[in-house]
Amino acid sequence: MKYDFDEVVPRRGTSSYKWDSAFDADVLPMWVADMDFRTSPPVVDALRKRVEHGIFGYTRVPDAYYEAVVSWFSRRHGWAINRDWMIYTSGVVPAVSAVIKALTKPGDSVLVQTPVYNCFFSSIRNNGCTLVANPLIYEENSYRIDYEDLEKKASDGRVKVMLLCNPHNPAGRVWRREELERIGEICIRHGVVVVSDEIHCELVYPGYSYTPFASISDDFLRHSVTCISPSKAFNIAGLQIANIVAFDPQMRKWIDKAINVNEVCDVNPFGVIATVAAYNEGEEWLVQLLDYLKGNYETMVEFCEHHLPDFPVARLEGTYLVWMDCHSLPFSSEELERLLLKDAKLWLNAGAMYGEAGEGFMRWNIACPRKVMMEGLRRFRSFVCKCR
């Protein structure tokens, strides 16, 4: 079946956080990381069938749920997850927060590679921990890891956890196996547990390969916790479902306690049903989605090369989030976000929200019909022309 990702599906007036947060109906939102495409039809069909039942009480997570997750990661990524390692929860952000609570105490430090997903900062802060940054090195429109700095920071006895973003948001990197190996070797050497946010793991483009951190070796499995969800790949974030994968029984016990303390131990029936349908029947839809997103990125690159040569975009290996270098404009990224919203009716994310290393950049969400993306690019170009 051929899926139509060019269809413009109106979202304004649906209580969409992305579309209905704007002060003006003319604003084009390309900020929040959800997609403007309908999810896979098998997911919609499964949800419709459940709605028709008409009773929405507390749900019991069935064996079929665990089987779907285990089968998906085995056949797509070669990672054999044991269902006993899994703890379900309401999202990857609650998962990360609960894991930090479980593995640290207030005053401990947590290592992150900036620029990075902004909720990492609040999860660390809310658990009374201190953030330690290992800034990524930006060169030739991409990022690489500063291993010397990583070793130095990880060797500090106060650092108990490293939050890894794999694939990385907003840098667009899909970390290679050898990069993950070096990260793991450093962290294991210094007794630092790697907590890997792998929510974007399905959104990887041809020529690149996602490697689950915990799949690299038994040592890596024992010294890590992985957070996964179908929410980004299948555009079902509002259904609030995610899984924590922890091999070590003691870690798992601590995490389970933290999940209950944080009261994110229950999930809704729609998240469970959507996960099963997505993993069992949504693969062909996902393949076509990735092809369309790749086309969007290539179209954006071509537009920028011709019309915005002073605004290079980072190489996109995974995710649908494009990182644009805006240092050529005389504004901070927060000022630029505000001016674009006011003058161009275009809403992008300021790079500074992803840490100090993100200053001077803007994050674009290109998971939308191509003509919508092109309208955003035209608005940005018009704004730039007026600034010069």
Side-chain angles (χ1 to χ4, degrees), residues 3-56 90-94 118-119 169 199 203 229-242 267-275 277-278 282 285-286 288-289 292-293 296 299-300 319-322 336-350 353 362-380 382-383:
Y3 299 104
D4 182 11
F5 296 101
D6 284 317
E7 179 188 4
V8 177
V9 181
R11 297 187 64 192
R12 206 178 298 280
T14 64
S15 298
S16 161
Y17 187 74
K18 179 180 180 180
W19 282 85
D20 289 325
S21 295
F23 62 90
D24 188 326
D26 292 331
V27 168
L28 178 58
M30 301 183 73
W31 61 306
V32 176
D34 67 18
M35 299 191 285
D36 292 331
F37 311 121
R38 288 193 177 95
T39 190
S40 170
V43 173
V44 177
D45 291 343
L47 292 172
R48 183 181 292 115
K49 182 178 179 181
R50 182 65 180 83
V51 167
E52 288 172 353
H53 180 259
I55 300 175
F56 311 113
S90 58
V92 164
V93 173
N118 54 295
C119 286
N169 167 22
I199 195 171
L203 299 167
S229 172
S231 62
K232 294 300 179 189
F234 290 95
N235 204 26
I236 55 173
L239 300 184
Q240 298 186 315
I241 191 83
V267 291
N268 73 73
F270 299 108
V272 173
I273 287 162
T275 298
W285 179 89
L286 178 62
Q288 292 184 36
L289 168 73
Y292 190 87
L293 291 173
N296 270 4
T299 300
M300 182 175 182
T319 82
Y320 48 72
L321 304 166
V322 178
L336 183 53
E337 178 180 334
R338 179 179 57 81
L339 289 170
L340 283 169
L341 187 57
K342 174 177 173 288
D343 298 337
K345 301 292 191 293
L346 175 65
W347 199 341
L348 305 178
N349 283 128
M353 73 184 295
M362 301 297 287
R363 193 188 77 166
W364 293 68
N365 176 351
I366 63 165
C368 56
R370 196 155 299 154
K371 65 181 179 181
V372 175
M373 181 189 74
M374 293 304 299
E375 173 61 22
L377 287 167
R378 285 190 289 268
R379 292 187 187 194
F380 187 87
S382 297
F383 172 85

Handout entry: Flag side-chain contact, heavy atom, 4.5 Å: I236 against F270
Key = no

Handout entry: Heavy-atom pair with the smallest gap, counting every atom of A367 and M35
Key = CB-CG, 3.3 Å

Fill in the blank from the handout: Across all chains, not counting sequence neighbours, the side chain to side chain donor-acceptor pair (under 3.5 Å) partners of R338 are none

Exercise for the section: Starting at CD1 of I366, measure out to CE of M373 and round the result to the nearest 0.5 Å. Expected result: 6.0 Å

Fill in the blank from the handout: Interatomic distance, CG@D26 vs CG@L346, rounded to 0.5 Å, equals 12.5 Å

Exercise for the section: Can you see which heavy atom on M362 is nearest to which on L340, and at what distance? Expected result: CE-CD1, 4.3 Å

Problem - Residues which pass side-chain contact (heavy atoms from CB on, under 4.5 Å) with P369, listed by chain and number, not counting sequence neighbours - result: V8, D36, F37, Y292, V372

Handout entry: S90 versus V267, closest heavy-atom pair with distance
Key = N-CG1, 4.1 Å

Problem - Nearest heavy atoms of A237 and S231, plus distance in Å - result: CA-CB, 3.6 Å

Exercise for the section: State the OG-CD distance between S229 and Q240, to the nearest 0.5 angstrom. Expected result: 10.0 Å

Problem - Test item: Y320 and L203 side chains (from C-beta on) under 4.5 Å apart, heavy atoms - result: yes

Exercise for the section: Answer whether the closest heavy-atom distance between the side chains of F380 and L28 falls below 4.5 Å. Expected result: no

Completion exercise
Separation between OG1 (T319) and CD1 (I199), nearest 0.5 Å, reads 11.5 Å

Practice task
Please check if atom CZ in F56 has more than 12 non-hydrogen atoms from other residues, nucleotides or ligands closer than 6.0 Å.
Solution key: yes

Fill in the blank from the handout: Residues passing the side chain to side chain donor-acceptor pair (under 3.5 Å) test with N235, sequence neighbours excluded, are none

Practice task
Supply the atom-to-atom distance R50 CZ to I273 CD1, rounded to the nearest 0.5 angstrom.
Solution key: 5.0 Å

Practice task
Might you point out which heavy atoms bring D6 and D4 nearest each other, and give the distance in Å?
Solution key: N-OD1, 3.0 Å

Practice task
Using a 4.5 Å cut-off on heavy atoms from C-beta on, say whether the side chain of L289 contacts that of F234.
Solution key: no

Exercise for the section: Evaluate the criterion side-chain contact (heavy atoms from CB on, under 4.5 Å) for residue pair L339 and F383; output intermediate values, then yes/no. Expected result: CA-CA 9 Å; L339 289 170; F383 172 85; 3.8 Å; yes

Handout entry: Partners meeting side chain to side chain donor-acceptor pair (under 3.5 Å) with N365 (sequence neighbours left out)
Key = none

Handout entry: Near-ring test F5/W285, centroid separation under 6.0 angstrom
Key = yes

Exercise for the section: Answer yes when K371 and E375 have at least one side-chain N-carboxylate O distance shorter than 4.0 Å, and no when they do not. Expected result: no

Problem - N268 side chain to L239 backbone, donor-acceptor under 3.5 Å - result: yes

Completion exercise
Of all heavy-atom pairs linking M30 and G376, the shortest is SD-CA, 3.9 Å

Completion exercise
Distance col, row T39:OG1 vs D34:CG, nearest 0.5 angstrom, shows 11.5 Å

Problem - Side-chain heavy-atom pair W31, L321 within 4.5 angstrom cut-off - result: no

Handout entry: Side chain to side chain, V44 and R38, heavy atoms closer than 4.5 Å
Key = no

Problem - Any residue meeting side chain to side chain donor-acceptor pair (under 3.5 Å) with K345, in chain and number order, not counting sequence neighbours - result: none

Problem - Contacts of type side-chain contact (heavy atoms from CB on, under 4.5 Å), residue E52, not counting sequence neighbours - result: R48

Handout entry: Contact check, side chains of Y3 and P41, non-hydrogen atoms, under 4.5 Å
Key = yes

Handout entry: D20 and R12, any side-chain heavy atoms less than 4.5 Å apart
Key = yes

Problem - K232 (side chain) donor-acceptor with A33 (main chain) under 3.5 angstrom - result: yes

Practice task
Test side-chain contact (heavy atoms from CB on, under 4.5 Å) on N169 and R363 and set out the steps.
Solution key: CA-CA 10 Å; N169 167 22; R363 193 188 77 166; 3.0 Å; yes

